[in-house]
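Chain A is the first sequence line, chain B the second, and so forth, proteins listed ahead of strands; every chain is numbered from 1.
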Amino acid sequence: MGTGKSRSNGIGAARPEMGLFGPEAADVVAASDARRAHKGANKGAHKGAQKGAQKKGQQKAKKPPIEAVLYAEVALNRPMRREYTYAVTAAFADRVVPGVRVAVSFSGKREVAVVTATATETDVPKGRLKAVDDVLDDEPVLDEKLLELTRWIADYYACAWGEALSAVLPAAMKREGGRKTVAVLYPAPGVDESRLEELEGKPSLEKQYRVLRTLLDARGPVLRKDLTKKLNVTFGPVQSLVKRGLIVIDQVIAAPDDLLSGDREARPRHAALTDDQATAVTRLTEAIDADEFCPALLYGVTGSGKTEVYLRVIEEALARGKGAIVLVPEIALTPQTVGWFLDRFGSVAVLHSGMTDLQRLDMWQRVRSGEARVVVGARSAIFAPVKNLGVIVVDEEHEPSYKQGSVPRYHARDVAVVRAKNVGAVCVLGSATPSLESWRNANQKRYVLLRLRARASGNPLPKVEIVDMRGERDERGKPRLFSRRLETLLRETIARSEQSILFINRRGFAPILWCQECHETLKCNECDVAMTWHKRLERMACHSCCKEIPVPKACPSCTAPALRFLGAGSQRVEEILRLIAPHARVGRMDSDTMMRREDYEETLGQFGRGELDVLVGTQMIAKGLDFPRVTLVGIVSADASLHQPDFRASERTYQLVSQVAGRAGRADLPGHIVVQTTATEEPSIVCAAAHDYDSFALHEDAERERHGYPPYTRLLRVVWEDEDEKRVLEASSHAAKILREELGPHQVQVMGPAPAPMALQRGRHRVHVMLKAPLSGQGMSRARAILSQLHTQRPRMAIDVDPASMM
DNA sequence: AGCACGCCGACT
DNA sequence: GTCGGCGTGCTC
């Protein structure tokens, strides 16, 4: 089979006409062509290797030929942009269908793979074919639609089909019987200490001696990886010992994880719907009734009752025998949030990061069997095998955590829209501060706009004060961390026994060590990122690679003993706070103090019970916390967020200010919100203070258009990474040159190569190229095709489609 | 991705 | 010989 034929028989041919309302349908086709072209190219490359293959073939000739009645195309979890063909014997033939997992031997190892297509013929030379060893499922683990979705992910996000499948399947399903095998070593039978003499004393056999001695001492199998790592040897000496017949290598099954039990917490909530809510529910219910794809932006401020809309729509779906998926940002996946759904619907499957592999498998099976019809979870829950899917909810759709940081680098919100389109479901994107992409889609009528105007509770929105920090200096003229206004409000709030939250988006005490002579800042020599002073450790730490060094006495670049600390992190805020309000009970939440989930819950619990007056924290306190007694919220500096090297910095700043502002004045007590900044005219800050997202979005939308950024263009980022800087530079400039030659500047604009924002990370040099293409046209799909051809493994190349950040 | 295989240079 | 460190190419 191989080329066109196989695809036309199998599911692979069902080329999905889907996309994010752009030209992706065309993208998908072109990317598939690239996949095929690659396959053809590979075939030619085989010629050189023919001799080796023949040798193997002769050895194998003794075995009886495989009696194939069917051929299966199979996707393996490897970054290979193609599938492999296996023969299927009569015994397995009826069970081998697309979506079923099989066990196959691939490059000498037994692996779990997913059948993507079947055919009755093949082009693959018979001598090279292997047979499917086992069929692992009676029923496909993925139905046709989900399989199609994984194919779309592979094409759109430029990864292997097997990698896309790997993101969809629970970890336990990627191993046989939920187990994985590992290579172990032990002495050959009959080998004891006496045999060590053969190796002793000869310096050249030193490694082998150490390996054998360690294995004899261990009196049992040792993991190969552990041993080579511990003894700092390569596979070479191990292999030599095998040849001498002194040791044996074996593959064994790794121990499975233990099954833990989770608990549930319910929270009843029923309210009469506002007019806006009722309109939204009605509109969405109509779409459910019509089995119609209906993407909608549910747009309303915090407390406007988005959750109640989700709940009602899901109720309607369930009443019609349909299921639902609710995506929430990982950080919002708390017992409180989940409780609403658990309470309203009987059978809810919750997927969270704390679960073991076996727990996830259990949930997956319960969903697939139809026992659980509502799934609540973070990013990967978008792949839950919900039967007869009627509704997908993406809460806080603007959250960057929906973009996966590793392969496949998918955006769960975008996948949600595509999946809903495939199955004709409703897709509700909810946010108070929508992403510019979704806002524009709604404005352009590609999404239904459902606006929730009034706050369901009727509370007025809190007033936000912008404080200009340019005027705030102490007696010696140095910039102050707390404005006089914030200081006064803090004292008053504490005096009234009300609570305050202070937000700072930096960690540590003083982030930067700065030389007064040469104006250099101390940077991590492996990451090129400014190192941060951690007072408790008395050390400088790199937030990128976690490296720590003692605080240098003199400047490393000019040797002047003129180092000073600059800036302020959460720890410094806490410290100054203790000076301002010595009797206040202060809690701090950042990734330094919050090592475990329990720490997080404990501090929040204390604050909730009123045992703390002030909570100081980083990003992690900006979202989703709901404390009625908080009446003061301060953003110590909104500037850091504004000055990120990213075209979404303004959007993020608006979201930050808006979210933090949402922490105050939620109950009957009036709230104060103070935003400290030196950029008082910045639209993101001004509009957020005025709770005016529309004005901000209009302004930002125009900026994006003017600078040619999404949602007016598409971006694709390629990062090369290697220890050898020269190789990285060569590969990236070669790629950029080819891309420029092949693609006209009107099709795709090629920017770079340039050092990536983290130009040096863990000793690896990083260079990136940014591609920008207009929304219409085939630019990006052609770029993807070219890139897949340039796919070398020397400098590692990573493709990020629709990158969420430039870091 | 792994992982063999082959080649080279260093050491002894 | 032995060993480690590369680069190259393959896996149905």
Separation of A:Phe235 atom CZ from B:dC5 atom C1', in whole Å? 13 Å
Please confirm whether the shortest side-chain N or O distance from A:Lys109 to OP1 or OP2 of B:dC3 is below 4.0 Å. yes
On DNA chain C, nearest-nucleotide positions of A:Ser107 versus A:Asp724: which is more 5'? A:Asp724
Could you check whether A:Leu205 gets within reach of a base, just the sugar-phosphate, or nothing at all, counting any heavy atom under 4.0 Å? sugar-phosphate
Per atom distances to the A:Arg727 side chain, the nearest of C:dG7, C:dC12, B:dA1 is C:dG7
Taking the minimum atom-to-atom distance to the side chain of A:Arg796, which one of C:dT2, B:dA1, C:dC12 wins? B:dA1
Given atom CZ of A:Phe106 and atom C1' of C:dG9, what is their separation to the nearest angstrom? 13 Å
Do A:Arg95 and A:Asp138 sit within salt-bridge range, that is, some charged N less than 4.0 Å from a carboxylate O? yes
Please confirm whether the shortest side-chain N or O distance from A:Lys207 to OP1 or OP2 of C:dG4 is below 4.0 Å. yes
State plainly whether the residues A:Asp134 and A:Arg110 are in salt-bridge range, i.e. N to O under 4.0 Å. yes
In whole Å, what is the span from the CG atom of A:Leu76 to the C1' atom of B:dA1? 11 Å
Find the distance A:Ile249:CD1 to B:dA4:P and express it as a whole number of Å. 8 Å
For A:Pro237, report the nucleic acid contact type (base, sugar-phosphate, nothing); a contact means any heavy atom under 4.0 Å. sugar-phosphate
Identify whether NZ of Lys or CZ of Arg in A:Arg784 sits under 6.0 Å from the centre of the six-membered ring of A:Tyr156 and within 45° of that ring's axis. yes
So A:Arg210, base contact, sugar-phosphate only, or nothing? Heavy-atom distance under 4.0 Å. nothing
Can you name the atoms? Protein N/O to nucleotides 10-12 of chain B N/O, anything below 3.5 Å, with the distance.
none

Heavy-atom closest pair (A:Arg413 atom, A:Tyr402 atom, distance to 0.1 Å) is N-CB, 4.4 Å
Roughly how many Å is it from CZ in A:Arg82 to C1' in C:dT11, rounded to a whole number? 8 Å
How about A:Phe92 and A:Thr89: do any of their side-chain heavy atoms sit closer than 4.5 Å? yes
Does B:dA4 have OP1 or OP2 sitting under 4.0 Å from an N or O in the side chain of A:Gln239? no
Point-to-point distance, once rounded to the nearest 0.5 Å, from OG1 of A:Thr116 to CH2 of A:Trp161: 4.5 Å
Are OP1 or OP2 of C:dT11 and a side-chain N or O of A:Tyr84 less than 4.0 angstrom apart? no
Working to the nearest 0.5 Å, report the span between CD of A:Glu148 and CG of A:Leu142. 12.0 Å
Which ones in residues 240-247 of chain A lie close to DNA chain C, meaning a heavy atom under 4.0 Å from one of its atoms? A:Ser240, A:Arg244
Tell me whether the OP1 or OP2 atom of B:dC3 has a side-chain N or O from A:Arg78 closer than 4.0 Å. no
Can you name the side chain to side chain donor-acceptor pair (under 3.5 Å) partners of A:Glu67, sequence neighbours left out? none
Distance in angstrom units between A:Trp161 CH2 and C:dT11 P, rounded: 21 Å
Measure the distance from CZ on A:Arg81 to C1' on B:dA1 and round it to the nearest whole Å. 13 Å
Does C:dC10 have its OP1 or OP2 closer than 4.0 Å to a side-chain nitrogen or oxygen of A:Arg128? no
Whole angstrom value for the distance that separates P of B:dA1 from CD of A:Glu163: 8 Å
Let me see the working for A:Lys403 and A:Asp800 under salt bridge (Lys or Arg N to Asp or Glu O under 4.0 Å), right down to the final yes or no. CA-CA 10 Å; A:Lys403 185 84 183 347; A:Asp800 192 354; 2.5 Å; yes
Please indicate whether A:Glu139 has more than 12 foreign heavy atoms, meaning atoms of other residues, nucleotides or ligands, lying under 6.0 Å from its CD. no
